[in-house]
Amino acid sequence: MKKIAIFPGSFDPYTKGHHDIVMRGLNLFDELIIGIGYNVAKKSRYFEIDGMVDKIEKLYTDEPRVKVVVYNELTSNLAKAHGANFLIRGLRNTTDFEYENTISQMNRKLNPDLETVFLITSPQFAAVSSTVIREVHKFGADVSEYLPYEV
C-alpha cells in the first residue's frame, strides 16, 4: 500500500521552508500532495492562487511523486478523496506546535485513519514565514532569498 501524504496550507506564498518540508517528506512517503487550501480566516490572498499553483508545479516538474491540488473543503476529506493516510506539517516553534496540535486532534476525530506527521523546520528556515514574506514584499523589499522561484 502506497504511503500518501497531504501537505496542506494556504502557501501565500510558498517558501523555501515549505520546499524543505516537501523534500524531506519525500524521504518518508511514496507520494506527497501539496494541498493549497482556502483559509477562511484570511479574507483574500496576496499572491494569486493560480500563479502559486503554476510556480509550485514548475518547481517539481522532475519529481513525479509531488502533485499540487487546490481545495476548499475539510483537509480530512481531501485526504480521504486522495487515499492519503498522512498529513505532513512543519513546525518552527512551540507556537506552531500548539496551533497544529489542535488541528491534528480534530482531523483525527474527523478521519480516524489520518495521522499527522510533524517535521521540525530546518534551522536556516526557522525565521521564514509566509506572513513576514508578504509584508516585506508589500513594501518593495527583495524576498528572493526566501522563495524557491522568482516573483
Side-chain angles (χ1 to χ4, degrees), residues 1-134 143 146-149 151:
M1 184 174 197
K2 283 173 78 173
K3 290 189 292 184
I4 302 170
I6 303 278
F7 182 29
S10 57
F11 304 115
D12 188 19
Y14 187 84
T15 68
K16 285 184 178 178
H18 296 130
H19 177 65
D20 180 59
I21 295 296
V22 167
M23 297 311 293
R24 291 168 51 207
L26 287 172
N27 292 324
L28 303 170
F29 302 102
D30 300 313
E31 186 178 322
L32 204 146
I33 300 166
I34 300 169
I36 304 176
Y38 288 94
N39 187 333
V40 295
K42 298 176 184 175
K43 297 199 188 312
S44 64
R45 292 182 59 90
Y46 182 76
F47 291 95
E48 292 293 328
I49 201 163
D50 292 337
M52 196 53 51
V53 168
D54 185 55
K55 289 179 185 310
I56 297 169
E57 285 179 339
K58 284 180 181 165
L59 189 60
Y60 299 106
T61 299
D62 296 330
E63 182 47 78
R65 298 181 302 148
V66 175
K67 294 183 174 79
V68 181
V69 300
V70 176
Y71 72 105
N72 192 14
E73 62 182 308
L74 291 172
T75 302
S76 60
N77 290 344
L78 176 72
K80 284 179 190 175
H82 287 274
N85 287 331
F86 302 94
L87 293 180
I88 188 169
R89 300 298 294 153
L91 300 177
R92 293 169 295 177
N93 50 44
T94 57
T95 303
D96 281 356
F97 173 76
E98 292 296 328
Y99 176 75
E100 295 294 343
N101 183 50
T102 302
I103 293 172
S104 172
Q105 297 297 327
M106 181 55 73
N107 280 326
R108 190 73 185 266
K109 175 85 170 139
L110 296 170
N111 180 351
D113 296 325
L114 192 57
E115 191 68 54
T116 301
V117 176
F118 296 119
L119 294 180
I120 303 301
T121 303
S122 294
Q124 67 269 32
F125 303 119
V128 178
S129 78
S130 293
T131 302
V132 171
I133 300 306
R134 284 194 306 271
V143 295
Y146 306 106
L147 305 175
Y149 50 83
V151 180

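Throughout, residue positions are numbered sequentially from 1 according to the sequence presented.
Taking 4.5 Å as the limit, some side-chain heavy atom of P13 sits within range of a side-chain heavy atom of L147. Between D12 and R134 the shortest side-chain heavy-atom distance falls below 4.5 Å. When side chains are defined from C-beta on, V151 counts as touching F47, because their heavy atoms get closer than 4.5 Å. Here the side chains of T75 and I103 are not in contact, with every heavy-atom distance at 4.5 Å or above. Within the 4.5 Å cutoff, the side chain of M106 has no heavy atoms near those of the S76 side chain.
Among pairs with a residue in residues 49-76, those fulfilling ring pair (Phe, Tyr, Trp, His ring centres under 6.0 Å) read H19-Y60, at least two apart in sequence or across chains.
In Q124, the CD atom is crowded: over 12 heavy atoms of neighbouring residues, nucleotides or ligands sit closer than 6.0 Å. The environment of D62 atom CG is sparse: at most 12 non-hydrogen atoms of other residues, nucleotides or ligands sit within 6.0 angstrom. Shown here is F29, whose CZ atom has more than 12 heavy atoms of other residues, nucleotides or ligands within 6.0 Å.
Distance CD1/I6 to CG/L87: 7.0 Å, rounded to 0.5 Å. Rounding to the nearest 0.5 Å gives a distance of 8.0 Å between CG of L26 and CD1 of I88. Of the inter-residue distances, the one linking S122 atom OG with M23 atom CE reads 12.0 Å to the nearest 0.5 angstrom. Once rounded to the nearest 0.5 Å, the distance linking CG of N93 with CD1 of I120 reads 9.5 Å. The distance from atom CZ of F118 to atom CG of N101, rounded to the nearest 0.5 Å, is 5.5 Å. Atom CZ of residue F86 and atom CG of residue L114 lie 9.0 Å apart, to the nearest 0.5 angstrom.
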Chi angles and distances behind the side-chain contact (heavy atoms from CB on, under 4.5 Å) call for V22, L59: CA-CA 11 Å; V22 167; L59 189 60; over 6 Å; no
One pair to check against side-chain contact (heavy atoms from CB on, under 4.5 Å): H18 and I56. What are the steps and the verdict? CA-CA 10 Å; H18 296 130; I56 297 169; over 6 Å; no
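Looking at D30, its side chain never comes within 3.5 Å of a backbone N or O of I4 through a donor-acceptor pair. No donor-acceptor pair under 3.5 Å is formed between the side chain of R24 and the backbone N or O of L119. Under the 3.5 Å distance criterion, the side-chain polar atoms of Y14 are left unmatched by any main-chain donor or acceptor of Y149. In this structure, the side chain of R89 does not engage the main chain of T116 through any donor-acceptor pair within 3.5 Å. Side chain of S10 to main chain of G37: no donor-acceptor pair is present (N/O by atom type, distance under 3.5 Å, no hydrogens or angles). One N or O on the side chain of T15 and one on the backbone of G17 form a donor-acceptor pair closer than 3.5 Å. Panel note: side chain K3, backbone L28; a donor-acceptor pair is recorded below 3.5 Å. R45 places no side-chain N or O within 3.5 Å of a backbone atom of Y38 that could act as its donor or acceptor partner.
Residues meeting the salt bridge (charged side-chain N to carboxylate O under 4.0 Å, His left out) test with E57, sequence neighbours left out: none. Shown here are the side chain to side chain contact (heavy atoms under 4.5 Å, CB included) partners of S129, two or more places apart in sequence or in another chain: R92, T131, V132. When the side chain to side chain donor-acceptor pair (under 3.5 Å) test is applied to D113, no partner is found at least two apart in sequence or on another chain. The salt bridge (charged side-chain N to carboxylate O under 4.0 Å, His left out) search around K109 returns none, not counting sequence neighbours. Take K67 and apply the salt bridge (charged side-chain N to carboxylate O under 4.0 Å, His left out) test, not counting sequence neighbours, and it matches E31.
Closest approach of G90 to D96, counting heavy atoms only: O-OD2, 4.3 Å.
With N85 as the partner, the side chain to side chain contact (heavy atoms under 4.5 Å, CB included) test is satisfied by one option alone out of M1, E115, K80: M1.
Salt bridge annotation for D54-K58: present, with a cationic side-chain nitrogen under 4.0 angstrom from a carboxylate oxygen.
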